[in-house]
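Report on the structure given below.
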Amino acid sequence: MKEARRKGAPNFCDRLKKVDRGRAPLTVAAVFLISLFSLLLSSTYFGASLSIGGYDLMLKARVRLLPPRSAAEDSDVVIIALDDFTLSNPRLSIPELFQHHYYTEIIKQLHLAGAEAVALHLILPRTDAAFFSQADVSEWFEVIKNVAADMPVISGMRWRPLQSPLLPAPEYLKIMGADSIGFLNAARDKDEKVRRQPLRRADCFHGPGCLSLPYLAAKAFRPELEVAGQEIYIDFDPRPAPQFSFVDVYQRAADGETDFFQRHFKGKLVLIGEINSLTRGNYPTPFSEKAERGDTAVEIAAQSIITILRGHQLTTLGPGSSFIFIVALTLAALTPLFFSQRCGPYPLIWLPSAVMALGLLVIASAFALGLYLPLAPSLIAIFVAQFFYLGIRNKEGREATRTSITALSLYLNPALAGQIVHHPEILSRVGQRREMTVFFSDLVGFTSLAERSSPEELVTILNRYFEKMSSGIEEYGGILDKYSGDSVMAFWGSPLRPRQDHAQAAVLSAIRQQDILKELNRDLLAEGRPALVALMGVNTGPMVVGNIGAETRLTYTVMGDAVNLASRLVAVNKIYRSRIIINETTAQAASDVAELRALDRVRVPGRQESLMIYEVMTRRGELGGEDKRARDLFERGLLAYFNRDFSAAKELFEDALDLWPEDVPSVIMRARCRDFIKSPPPDDWSSVTMLGVK
């Protein structure tokens with residue numbers, strides 16, 4: 001069996017070879033539209049939030065999963081911090097008013113110790129005469145000139161939108177040049193967190209402040225260094241740069257502790273700036289819940305410098321490359337469209353999910369290797385492509401199901417056709433016994449109609465009749481069993497369409513069919529064709545429902561004595577000139593929805609038991625006052641008739657005829673009463689009328 005399956009059934013590779021080239025235009029159009037949509041949506045607040053959230057998740061995962069890239073003692077960057085201990089010194093309580101000689105003492109010792117460069121994350125020097133003496137400023141310039149050749153000193157400035165930038169003293173710029181001053185501004189995302197470090201200002205030409213202080217500091221430490229782009233993503237080191245208190249370092253410088261400076265600062269890039277309770281939290285990062293990861297401007301600068309020096313900055317794609325990547329990713333997500341018609345109604349349903357997982361894996365792997373692919377548009381493109389694919393497949397699945405149901409409905413009951421498509425297991429040849437309601441109808445004078453009509457005309461009339469009657473059955477949830485000549489058979493309450501009110505639905509359907517027939521007759525008479533008269537029988541009772549027939553041909557139908565009785569009730573209408581007759585069980589269930597009239601107690605051929613039959617007159621509440629009185633008179637007469645009070649019964653039937661002169665049941669019952677008045681029935685008379693119709 002396995003060998004036969006291997007030979008007969010196409011494997012996965014065979015399916016992949018059978019692509020549907022007709023889908024190429026749809027797929028190509030969808031790829032470009034989805035790619036453009038994802039790029040546009042990624043530029044919105046939603047896209048930015050998605051990108052930020054995904055970036056933080058991958059960044060934290062990488063820091064947690066990958067081994068630490070450095071130890072604190074191996075760091076090329078050392079921070080001298082204006083910390084809370086420094087600010088607790090009365091002379092150093094306001095960083096902006098520090099005299100320059102505090103810095104110059106430290107810078108001189110750093111130069112003697114062999115530090116590679118100093119970056120002041122401050123705006124120095126300042127020459128406001130109200131706070132700084134001329135001698136203090138002059139000493140600053142003298143020290144800077146002496147050390148600059150061996151140890152570059154980088155100072156900071158700050159750009160301000162729509163205002164003049166905050167710059168050091170003009171003399172400093174003349175002495176040191178533009179490459180000795182860098183802007184301190186950080187790049188904040190929409191959530192105010194810092195993830196990127198600007199390197200250059202796009203709105204600035206060559207001059208002071210066009211490059212960032214972290215970039216200038218890194219170049220001062222390693223002159224051959226060049227970094228492309230306007231900004232970098234900071235690779236947050238899990239171990240912070242070593243930090244020393246400014247006031248402690250100054251005291252050691254004043255005391256001439258050369259060993260201390262050589263031990264901690266030789267060959268280092270020294271960054272001087274504020275890290276205290278006043279500045280803590282001003283620059284939150286994805287790791288700001290851990291203070292050692294950096295949430296002050298100086299710590300951000302240190303992390304940026306370390307990122308630049310080690311070449312760990314994330315590389316990003318340009319606009320063109322990003323669009324090409326999104327197009328390729330979207331095309332991969334929509335690849336299953338080429339195979340879908342070849343592999344059944346829901347083929348390769350796992351493939352879009354696999355492509356999504358693979359795309360996320362590629363993005364995460366590239367991130368771990370230092371390439372930051374466009375995250376937000378990638379995720380949006382994958383999700384939109386996934387939903388587009390599933391939408392196309394769902395639409396095709398519904399169309400295929402509708403096509404199958406439509407085709408089967410031409411030969412089977414529509415309800416049965418739909419159930420077979422969705423639940424093929426119902427084709428099992430196992431019957432089920434349950435209480436249901438069955439309906440039959442026949443046309444009066446069909447034989448005469450057939451003789452007076454051509455075959456083509458007869459077929460046309462029957463098709464119109466069957467179509468109208470079928471709509472009345474379907475409207476109330478019935479299952480159309482079959483057409484047989486001019487007869488219609490249907491039933492309610494089967495497992496395919498289970499319902500507790502099957503008797504009510506069948507009776508209402510019969511009334512509706514009679515109304516539809518009146519409309520059809522108006523059209524037929526207008527066409528010069530004879531009107532149709534349909535007689536209907538409805539019966540509720542136990543019956544067997546299921547697939548009946550041979551293995552090669554099955555019929556979903558009902559069988560049993562209750563079914564046969566419903567068929568016999570159709571002919572009973574001919575005696576009483578009624579249109580719809582039901583049995584007592586159906587009448588009890590349908591009395592709330594229909595106006596009924598008890599007709600007689602009868603025994604039909606083929607049955608030993610008698611039954612009470614009822615005429616369905618109209619829907620509940622639609623019977624006029626005079627008709628109600630006539631019906632009540634008839635039913636009172638029927639009760640007197642059953643009680644052998646034939647004289648009283650005859651008078652009641654006559655009263656009913658005064659209101660309904662052409663009421664055949666009243667005429668029939670009045671004639672019986674007259675006969676029994678003349679010749680009373682025997683004592684064992686059961687009031688049951690034996691009918692001869694079949």
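Numbers for residues simply follow the sequence, beginning at 1. Predicted model only: the values in this text are computed from it and were never measured.
Taking Phe676 as the reference, Phe646, Trp685 meet the ring pair (Phe, Tyr, Trp, His ring centres under 6.0 Å) condition, with sequence neighbours excluded. The side-chain hydrogen bond (donor to acceptor under 3.5 Å, both in side chains) check on Asp442 picks up Ser487, with sequence neighbours excluded. Listed by chain and residue number, nothing satisfies the side-chain hydrogen bond (donor to acceptor under 3.5 Å, both in side chains) test with Glu467 (two or more places apart in sequence, or in another chain). Residues passing the side-chain contact (heavy atoms from CB on, under 4.5 Å) test with Arg631, sequence neighbours excluded: Glu595, Arg597, Met617, Leu623, Lys628, Glu635, Trp660. Considering only residues two or more places apart in sequence or on other chains, Thr44 meets the side-chain contact (heavy atoms from CB on, under 4.5 Å) condition with Leu41, Phe46. Checked against ring pair (Phe, Tyr, Trp, His ring centres under 6.0 Å), Phe642 has no partners two or more places apart in sequence or in another chain. Under the side-chain contact (heavy atoms from CB on, under 4.5 Å) criterion, Ala381 pairs with Ile34, Ser38, Ile326, Thr330, not counting sequence neighbours. Among residues two or more places apart in sequence or in another chain, the side-chain hydrogen bond (donor to acceptor under 3.5 Å, both in side chains) test is passed with Arg644 by none. With sequence neighbours left out, the side-chain contact (heavy atoms from CB on, under 4.5 Å) criterion links Val544 to Arg433. Arg601 meets the salt bridge (Lys or Arg N to Asp or Glu O under 4.0 Å) test with no other residue; sequence neighbours excluded. Judged as a side-chain hydrogen bond (donor to acceptor under 3.5 Å, both in side chains), and not counting sequence neighbours, Glu651 has no contacts. The ring pair (Phe, Tyr, Trp, His ring centres under 6.0 Å) search around Phe634 returns Phe653, not counting sequence neighbours.
The pair Asp600-Arg672 meets the salt-bridge criterion, since a charged nitrogen lies less than 4.0 angstrom from a carboxylate oxygen. At a threshold of 4.0 Å, the pair Glu615-Arg579 does not count as salt-bridged, since none of the basic side-chain nitrogens sits closer than that to a carboxylate oxygen.
In this structure the side chain of Met536 reaches within 4.5 angstrom of the side chain of Gln513, judged on heavy atoms.
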